[in-house]
Amino acid sequence: MNQPTQHAEIVILGAGIVGLACAWHLHQQGYEITVMDPELPGTGASSGNAGLLANFAIEPLAHPQLWREMPHLLLSPHSPFHLRWRHLPGLSPWLWRFLRATNRRRAEHATRILSELLAPSVNDWATIFDDLEDNGALLQRRGSLCFYRSEQGWRAAQRDAAARKRFGVRQEHLDARALAALEPALEGLARGGILFPEACHVSDPLTLAQRLAERLKSRGVRLVRAKAKGLASHRGGVGIDTDRGSWQADKVVVAAGAWSQPLAQDAGDRIPLISERGYHLEYPAAKELVSRPCSPGEYAFYLTPMQDRLRIAGTVELGHNDDPINPRRLDYIRRHAESLFGPLGEPSHTWLGLRPSLPDSLPVIGPASSLPGVSYAFGHGHLGLTLAATTGRLLAASINGKAPEWLAGCGAGRFR
């Protein structure tokens with residue numbers, strides 16, 4: 001027997017941190033919201049990130065210096081990047097777009113847009129944390145630190161710092177002595193570092209998502225366990241085909257992270273989305289090693305103090321969403337972390353997650369090209385947690401016809 005079509009004003013597809021933040025902002029403006037996801041809120045990529053609110057990360061991954069770094073990235077056993085070569089044919093269109101984005105003009109454009117997105121990100125999150133009545137247990141305002149072991153890495157970091165300075169990013173250059181004074185575990189490990197004093201971190205990203213979901217549910221937002229399989233125009237709104245029956249909504253927001261591409265295609269947009277596979281290890285015995293997120297710049301991972309454990313998260317692996325966990329990526333993190341700090345004990349948890357990434361390092365935020373009523377909020381890459389609150393605010397503004405002009409740089413039409 002066919003189930004009757006269910007109705008909603010706005011359906012958000014995706015209960016990750018971006019989808020939940022969109023729900024929070026739209027509910028604040030009086031909309032009736034349904035959040036739909038086959039999994040529990042925040043249990044995907046939102047749960048396993050480094051926990052960092054990286055409001056300083058304005059440089060796109062596709063930058064002009066990448067050509068000089070390519071041999072090391074592709075060939076070195078110490079590279080933070082890994083490509084599963086058997087998937088190269090399927091990844092080639094995305095990689096071609098990515099390489100095209102490394103020219104100076106496109107990188108400068110992406111930097112300008114990222115600076116607009118990132119500048120208010122901590123304040124936007126502070127508004128939500130205030131609503132959650134967080135007493136400082138979840139949002140930690142201690143800054144973030146990048147340090148560099150090699151002279152070459154330190155010189156490159158200073159060049160990047162000059163670019164960030166143009167966009168008003170607060171940063172402090174520290175010599176080896178100042179680094180050790182700030183984080184004693186770094187004594188003797190680095191030539192220098194950069195402190196980002198306005199950055200923050202979340203002591204448990206999954207707990208944040210769960211608390212936000214609970215707050216939304218207490219205010220009447222519906223959380224539905226279902227998988228959206230397709231979108232279509234339906235009776236002046238948007239029809240949603242799911243594994244648990246059909247829905248009809250006035251508006252739909254696609255915020256399904258790594259699973260957003262086929263839904264966007266139904267709405268008329270061929271978005272070049274892939275998943276960057278990211279990893280983490282957690283060490284309870286090393287929970288007090290550092291007091292803020294710290295990144296050895298040459299290794300591209302973060303050590304973040306979390307509730308009762310140290311999380312070491314990062315690296316980039318390009319492959320297929322269904323590939324099993326790669327133990328060599330976990331070994332890369334463990335080996336390089338222990339080369340710095342010595343034995344860390346046995347990890348209590350290992351994790352693989354999928355970061356939804358676009359070749360120009362910018363998310364898609366705004367309306368679909370061909371299906372009225374559909375909007376997008378996905379493709380944040382490494383900045384999903386950082387930009388979730390800002391994305392929710394901008395998405396709500398877009399739906400209300402009040403988006404800033406510069407947000408067109410995050411439009412779906414840029415890939416046509």
Side-chain angles (χ1 to χ4, degrees), residues 17-18 21-22 25 49-50 52-66 97-98 100-128 141 143-146 156-173 193-201 276 293 295 297 300 302 355-366 376-398 402-415:
I17 198 63
V18 173
C22 289
H25 276 280
N49 55 65
L52 178 62
L53 302 185
N55 62 338
F56 54 86
I58 65 171
E59 184 180 52
L61 293 179
H63 55 84
Q65 293 78 27
L66 189 67
R97 285 179 178 267
F98 178 80
R100 288 178 60 197
T102 60
N103 72 62
R104 193 171 302 279
R105 179 182 61 82
R106 293 187 181 187
E108 180 72 13
H109 169 75
T111 299
R112 287 198 303 271
I113 300 297
L114 284 169
S115 68
E116 293 279 6
L117 289 167
L118 287 164
S121 59
V122 169
N123 287 339
D124 284 338
W125 261 122
T127 301
I128 294 179
R141 296 179 176 271
S144 177
L145 184 63
C146 292
Q158 290 171 316
R159 289 195 301 269
D160 294 342
R164 287 190 293 265
K165 184 178 180 181
R166 292 192 297 118
F167 290 91
V169 175
R170 280 195 61 197
Q171 51 195 340
E172 299 174 12
H173 292 239
I194 298 176
L195 174 69
F196 301 98
E198 294 180 343
C200 303
H201 75 276
E276 292 182 36
S295 173
Y302 271 92
R355 309 182 191 104
S357 296
L358 294 166
D360 58 2
S361 300
L362 299 175
V364 178
I365 305 171
Y376 303 135
F378 64 85
H380 295 77
H382 296 249
L383 297 172
L385 177 63
T386 302
L387 288 176
T390 299
T391 296
R393 176 175 59 80
L394 291 170
L395 189 280
S398 174
K402 298 179 180 179
E405 289 186 9
W406 59 263
L407 191 60
C410 295
R414 72 187 192 267
F415 296 114

Problem set entry | Gap between atom CG of Leu61 and atom CG of Leu358 - 0.5 Å precision | 11.0 Å
Exercise. Counting only heavy atoms not in Arg112, do more than 12 sit closer than 6.0 Å to its CZ atom?
Worked result: yes
Exercise. Any side-chain heavy-atom pair from Phe415 and Val364 closer than 4.5 angstrom?
Worked result: yes
For this session: Could you tell me which non-hydrogen atom of Ile128 sits nearest to which non-hydrogen atom of Ala389, and how far apart they are?
Result: CD1-CB, 3.8 Å
Exercise. Hey, are the side chains of Pro60 and Thr111 touching, using non-hydrogen atoms and a 4.5 Å cut-off?
Worked result: yes
Exercise. Between Leu53 and Phe196, is any pair of side-chain heavy atoms under 4.5 Å apart?
Worked result: no
Problem set entry | 4.5 Å side-chain heavy-atom contact, Leu383 and Leu117 | no
Problem set entry | Pair Asn55-Ser121, side chain to side chain donor-acceptor pair (under 3.5 Å): steps then yes or no | CA-CA 6 Å; Asn55 62 338; Ser121 59; 5.1 Å; no
For this session: Using the side chain to side chain donor-acceptor pair (under 3.5 Å) rule, pick out the option among Glu198, Arg164, Lys165 that qualifies with Gln171.
Result: Arg164
Problem set entry | 4.5 Å side-chain heavy-atom contact, Ser144 and His201 | no
Problem set entry | Pair Arg159 + Glu59, salt bridge at N-O below 4.0 Å | no
Exercise. If you round to the nearest 0.5 Å, how far is CG of Leu362 from NE2 of His109?
Worked result: 6.0 Å
Seminar exercise, completed: Separation between OG (Ser357) and NE2 (His380), nearest 0.5 Å, reads 11.0 Å
Seminar exercise, completed: Residues Ser398 and Ala403: closest non-hydrogen pair is CA-CB, 3.8 Å
Exercise. Measuring from Asp360:CG to Phe98:CZ, what's the distance to the nearest 0.5 Å?
Worked result: 10.0 Å
Exercise. Can you list the steps and then say if Ile113 with Cys410 is a side-chain contact (heavy atoms from CB on, under 4.5 Å)?
Worked result: CA-CA 8 Å; Ile113 300 297; Cys410 295; 3.7 Å; yes
Exercise. Less than 4.5 Å apart, any side-chain heavy atom of Cys146 and any of Tyr302?
Worked result: yes
Problem set entry | Heavy-atom pair of closest approach, residues Leu114 and Ala57 | CD1-O, 4.3 Å
Exercise. Should Pro404 and Glu116 count as side-chain neighbours, where that means a heavy-atom distance under 4.5 Å?
Worked result: no
Exercise. Got Trp125 and Leu385 here, is their nearest side-chain heavy-atom distance under 4.5 Å?
Worked result: yes
Problem set entry | N/O donor-acceptor pair under 3.5 Å between Arg414 side chain and Gly411 backbone | yes
For this session: Report the distance from atom OG1 of Thr386 to atom CD1 of Ile17, rounding to the nearest 0.5 Å.
Result: 11.0 Å
Exercise. Looking only at heavy atoms, which two atoms of Gly381 and Arg355 are closest? And how far apart?
Worked result: O-CB, 3.7 Å
Seminar exercise, completed: Closest heavy-atom pair, Cys200 versus Val122, reported as atoms and distance to 0.1 Å, is SG-CG1, 3.9 Å
Problem set entry | Gap separating the CZ atom of Arg170 from the CG atom of Leu195, nearest 0.5 angstrom | 8.5 Å
Problem set entry | Closest approach of Ala107 to Ala62 (non-hydrogen atoms, all atoms of both residues) | CB-O, 3.8 Å
